[in-house]
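Please read these numbers as outputs of a predicted model, since none were measured by experiment.
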Amino acid sequence: MQKIKGMKMMKNRLCYLIPIFFVCMLVSGCRLIHVDEQKMPEATQQEVEMAMSKYLPKESAPIYLNSPKKQAIIRKDLDGDGVSEGVTIFTKENQPGKYEILIIKRNQKRQWEKWNQFSLQAKRLSLVGLKDVTHDRRPELILTVQKDQAKQESLVVYQLQAHKARLLLNRTYDEKVIDDFQRDGTYEIVLFQVQRDLKRKVVQTRAELFNYRGKSLVVIDRQQLEGEAKKGNIHSGKVSPQTRGIYVDLAVGSRGGGTTVLLIPKKSVLLQKIDPGRGLYSYKLINESSRDINRDGILEFVLMEQPKGTEKMPATQLPYVYNWYQWENGRGRNLVQQTYEDLNFGFRLQYLDRWLGKVKVETDRRMNQVTFYYGLVNQPIKKEWKLFILKRYHQNEWNKQLQAAAKGKQQNQPVLLKKSGAFVYAAILPTAQERARFKKIKQQQLIPTKEELSKQLVLLTKKELKNKLAHRAKVMSKHKQQ
């Protein structure tokens, strides 16, 4: 009886203790952890390289991959388990043109094993990257491949699994953009093809957007662009403070060009083109590439303006005002920087911020001078609104100026800005009467100081001048041949 009674008391105590135990667990935040559910520690680059060396044939020659830095073996989590695999591409001495893609993985026993291996035959192959283009949070292998007889490269995309590689895309292209436009960790592919109609003498560029549908990457939208998108003239990144997109600098006509923008809106995932005839379009006498000119992380495009007085100058020697714009969604464009560049006089002058959209230029090659006036974009030059003259003197001529000033014969003496070899660069600033005129219209803040002009004036080196003139001559020659 006492034994039975004792067992009942023990049972009653357990009934009280068990709930108390679980309450304590909840309050303290404790939980039970299975050892086999713990994440395996990440392997170091050195560990991966040592493991990979066991699987590489002795006669193999690894291909150096740029992802993100140049190295023969890279680490990337390919199957979504949170632990990186090792990836390499190599060739064998006795098998030219055959590229082997080898991937190794560390198992639960922390032993390395071959996870995937397959080969490709090509004249040239390079890695574009390991990026998620199927929206499954697992990266795909993206390669550029050129076959023996092919003139164009092909973009090849593989979806990787254990001992399996599924081909998602194999498409030729002239230019490509692979970017995470929505900043959600997944990437979109846009391929560009230049199309020439020799009979009509028309060149167009087709842009195609790819998306994962079913078991492959297919074209879901395309845009036809007027002109030729040449190598190096397609740029992806921020096109406004809140929007990522693609600037396409298109070669148009005999030697000119224009810029348009392609957007990939989040909801529709379609290519949206800003119509060149209506908003974002700039005709350029020479096709200047878009870029982040003011280093604010946003791409700008340029509208090139030919100064007054240069109408009879050779095209290869024309000076230009480079008007750099940022695109603003729904509001057109915003002028962010202006620069006057003159290859004849060998200098460039970046405008002060307070001048933006308020200065017009007249170049006089015979007088070796450039005159800057106050004036808005669509207004003609008014001589009475002269801000300053920038003039290049030969040293002998400059010495005569100094002698005349010493004798009191020079009323408005030019001020020295910079010297280069046998030339002197000087500025003629407004007289007291001219300053009063600007003050009357409340624009006196536009008048620069000598110190400001010295800082903004950049003299081009002989190498810079040679390269720029050679580039222009090359552009003109190509267009004449077309």
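- Side-chain atoms of Arg183 come within 3.5 Å of backbone N or O of Asp180 as a donor-acceptor pair.
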- Step by step, would you call Asp342 with Tyr340 a side-chain hydrogen bond (donor to acceptor under 3.5 Å, both in side chains)? CA-CA 7 Å; Asp342 197 315; Tyr340 175 84; 2.6 Å; yes
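- Residue Gln242 places its CD atom among 12 or fewer non-hydrogen atoms of other residues, nucleotides or ligands, all under 6.0 Å distant.
- With 3.5 Å as the limit, one finds a donor-acceptor pair spanning the side chains of Gln326 and Asp296.
- Side-chain atoms of Gln456 come within 3.5 Å of backbone N or O of Gln350 as a donor-acceptor pair.
- Aromatic ring centroids of Tyr212 and His135 lie 6.0 Å or more apart.
- Thr144 and Ser126 form a side-chain donor-acceptor contact under 3.5 Å, judged by distance and modelled atom types alone.
- Judged purely by distance below 3.5 Å, without hydrogens or angles, the side chains of Asp249 and Ser290 pair a donor atom with an acceptor atom.
- Formation of a donor-acceptor pair under 3.5 Å by the Glu311 side chain with backbone atoms of Gly309 is found in this model.
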- Test side-chain hydrogen bond (donor to acceptor under 3.5 Å, both in side chains) on Glu153 and Tyr173 and set out the steps. CA-CA 6 Å; Glu153 287 184 334; Tyr173 67 93; 2.8 Å; yes
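- Both tests pass for Lys391 against the ring of Tyr393: distance under 6.0 Å to the centre and angle within 45° of the axis.
- Side-chain contact annotation: Thr205 with Glu228, donor-acceptor N/O pair under 3.5 Å absent.
- Relative to the six-membered ring of Phe345, Arg392 misses at least one condition, a distance below 6.0 Å or an angle of at most 45° to the axis.
- Electrostatic pairing of Glu305 and Lys308 does not count as a salt bridge here, judged by no charged N lying under 4.0 Å from a carboxylate O.
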- In sequence, state the C-alpha distance, the side-chain angles, and the governing distance for Gln445 and Gln443, and then conclude on side-chain hydrogen bond (donor to acceptor under 3.5 Å, both in side chains). CA-CA 5 Å; Gln445 77 280 358; Gln443 295 296 335; 3.2 Å; yes
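- Distance alone, capped at 3.5 Å, places no donor-acceptor pair between the Asn334 side chain and the Glu328 backbone.
- Checking each of Ile101, Val87, Leu141, Ile142 against Leu127 for a side chain to side chain contact (heavy atoms under 4.5 Å, CB included) leaves exactly one that passes, namely Leu141.
- In summary, of the residues considered (Gln193, Gln146, Lys151), a side chain to side chain donor-acceptor pair (under 3.5 Å) with Thr172 occurs for Gln193 alone.
- With respect to Arg75 and Glu49, no salt bridge is recorded, no charged nitrogen being found less than 4.0 Å from a carboxylate O.
- Among Lys238, Arg244, Lys131, the single residue meeting the salt bridge (charged side-chain N to carboxylate O under 4.0 Å, His left out) criterion with Asp179 is Arg244.
- Residues Gly237 and Leu299 share a closest heavy-atom pair of N-CD1, 3.9 Å.
- Using modelled atom types, one finds a donor on one side chain and an acceptor on the other under 3.5 Å when comparing Gln152 with Asp174.
- Without hydrogens or angle criteria, Arg365 side chain to Asn344 main chain gives no donor-acceptor distance under 3.5 Å.
- Aromatic pair Trp385/Phe438: ring centres closer than 6.0 Å.
- Between the side chain of Glu300 and the backbone N or O of Ile293, at least one donor-acceptor pair lies under 3.5 Å.
- Not one N or O on the side chain of Lys215 forms a donor-acceptor pair closer than 3.5 Å with the backbone of Arg166.
- Residues Phe210 and Val190 are not in side-chain contact: their nearest non-hydrogen atoms beyond the backbone lie 4.5 Å or more apart.
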- Item | Step-by-step ring-ring contact (aromatic ring centres under 6.0 Å, His included) determination, Trp355 to Tyr374 | CA-CA 9 Å; Trp355 293 352; Tyr374 163 62; over 10 Å; no
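- Ser454 places a side-chain N or O within 3.5 Å of a backbone atom of Lys450 that can act as its donor or acceptor partner.
- No side-chain N or O of Gln204 forms a donor-acceptor pair with one of Arg196 less than 3.5 Å apart.
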- Task: In sequence, state the C-alpha distance, the side-chain angles, and the governing distance for Tyr322 and Met304, and then conclude on side chain to side chain contact (heavy atoms under 4.5 Å, CB included).
- Result: CA-CA 5 Å; Tyr322 292 79; Met304 294 167 67; 3.8 Å; yes
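- No side-chain N or O of Asp132 forms a donor-acceptor pair with one of Thr186 less than 3.5 Å apart.
- For Arg206 and Glu208, the salt-bridge test passes: some basic side-chain N is under 4.0 Å from an acidic carboxylate O.
- If you check the side chains of Gln395 and Asn399, you find a donor sitting under 3.5 Å from an acceptor.
- Although no hydrogens or angles enter the test, the distance criterion places no donor-acceptor pair under 3.5 Å between the side chain of Lys358 and the main chain of Tyr373.
- Gln224 and Gln195 are linked by a side-chain donor-acceptor pair at a separation below 3.5 angstrom, with hydrogens and angles left out of the test.
- By the neighbour-count criterion of 12 heavy atoms within 6.0 Å, atom NZ of Lys400 is sparsely surrounded, having that number or fewer from other residues, nucleotides or ligands.
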- Apply side-chain hydrogen bond (donor to acceptor under 3.5 Å, both in side chains) to Gln338 and Asn323, showing your working. CA-CA 5 Å; Gln338 289 180 289; Asn323 302 291; 2.6 Å; yes
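- Using a distance-only test at 3.5 Å, with no hydrogens or angles considered, a donor-acceptor pair links the side chain of Glu85 to the main chain of Leu78.
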